[in-house]
Amino acid sequence: GRAAGGGADGGGAATFLLLGPGWARRGAVAVLLAVALAAPAALPAPLPRAAAADAFWQPFDAPAIGGLVRAGHVVFVDVTAQWCLTCKVNERLVLDSAAVRRRLASPGVVAMRADWTRPSETITAYLRRFGRYGIPCNAVYGPGAPAGLALPEILTAAAVDDALRQAAGSDDARAER
């Protein structure tokens, strides 16, 4: 027999696959996939980086976070990977912006980057503390947030700034806004 709605050339089966049950969901997935593949090309070029420009990023050191917070520091943790598209968007549009870079490089702030490009049990355990099983994952610690504040997966400069201020815990930091 023939496929429903199809002709002898088999075009009906292709039509059924495209327009059969769930066609809208498959179309939406196809559109999202196309956007995801095209997004990196559409993003603005990253800022030119001098070696000193990224000097504020330190390697991830989970055991050091508590001591840094007790010493009065604010700690920003960025868990990222080379294969993570959302991580790269967050990096280019938010973390590499002049205002956020200035905040992360300011005195009293320690910025740590955890690279999950290759599996790491240490980073996996860290993610689980926030109930996360994937990335991006960004968190901010400080005297006002010793247990850490998890940021949304899609970052904004305002979300990062608000979390840094809240983690700092001072009334003056909140009043600056």
Side-chain angles (χ1 to χ4, degrees), residues 32 35-117 120 122-124 126-177:
L32 287 174
V35 168
L37 292 174
L43 291 173
L47 297 172
R49 293 185 180 189
D54 282 334
F56 62 86
W57 286 110
Q58 297 181 17
F60 177 65
D61 184 0
I65 294 172
L68 289 165
V69 170
R70 283 189 294 281
H73 294 281
V74 172
V75 180
F76 181 91
V77 176
D78 175 35
V79 182
T80 187
Q82 290 299 316
W83 46 259
C84 175
L85 178 64
T86 307
C87 300
K88 296 303 168 195
V89 170
N90 283 342
E91 233 176 83
R92 282 191 181 181
L93 299 181
V94 179
L95 299 178
D96 283 349
S97 71
V100 171
R101 289 172 69 84
R102 198 169 26 258
R103 281 297 303 256
L104 293 177
S106 65
V109 177
V110 176
M112 292 185 182
R113 186 162 272 161
D115 185 354
W116 207 37
T117 300
S120 159
T122 302
I123 295 172
T124 301
Y126 176 80
L127 293 171
R128 286 187 185 135
R129 282 194 262 169
F130 288 101
R132 301 253 179 109
Y133 298 91
I135 54 174
C137 180
N138 298 92
V140 183
Y141 302 80
L149 302 169
L151 276 71
E153 290 180 5
I154 306 296
L155 293 178
T156 63
V160 171
D161 194 50
D162 289 345
L164 289 168
R165 290 174 191 280
Q166 186 177 347
S170 72
D171 290 334
D172 292 339
R174 282 189 281 265
E176 285 178 20
R177 201 152 159 90

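With no hydrogens or angles considered, a side-chain donor-acceptor pair links D115 and T117 at under 3.5 Å.
Heavy-atom minimum distance, C87 versus A81: SG-N, 4.2 Å. Between M112 and D61 the shortest heavy-atom distance is SD-N, 3.4 Å. The shortest heavy-atom contact between R132 and P136 is NH1-O, 3.4 Å. The shortest heavy-atom contact between F60 and A62 is CZ-CB, 3.5 Å. Listed here is the closest heavy atom pair of A114 and I123: CB-CD1, 3.8 Å. Scanning all heavy atoms of the two residues, the minimum distance from A157 to V94 falls at N-CG1, 3.7 Å.
Atom NZ in K88 sits 10.5 Å away from atom CH2 in W83 (nearest 0.5 Å). Summarising the geometry, atom SG belonging to C137 is positioned 9.0 Å from atom CG belonging to L151; distances are rounded to the nearest 0.5 Å. Taking CD of E91 as the start and CG of L95 as the end, the distance is 6.5 Å to the nearest 0.5 Å.
Between V109 and H73, the closest side-chain pair of non-hydrogen atoms is not below 4.5 Å. With contacts defined as side-chain heavy-atom distances shorter than 4.5 Å, the pair L104/V100 qualifies. Annotation: side chain of N138 is not in contact with side chain of V140 (no heavy-atom distance under 4.5 Å). Between F56 and V110 the shortest side-chain heavy-atom distance does not fall below 4.5 Å.
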Assess the residue pair R103 and V160 against the criterion (side chain to side chain contact (heavy atoms under 4.5 Å, CB included)); give the C-alpha distance rounded to whole Å, side-chain angles, the decisive distance to 0.1 Å, and a yes or no.
CA-CA 9 Å; R103 281 297 303 256; V160 171; over 6 Å; no

F76 and Y141: CA distance, side-chain angles, deciding distance, ring-ring contact (aromatic ring centres under 6.0 Å, His included) verdict:
CA-CA 7 Å; F76 181 91; Y141 302 80; 9.9 Å; no

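Side-chain atoms of N90 come within 3.5 Å of backbone N or O of E153 as a donor-acceptor pair. Counting only distance, with no hydrogens or angles, the side chain of S120 and the backbone of W116 share no donor-acceptor pair below 3.5 Å.
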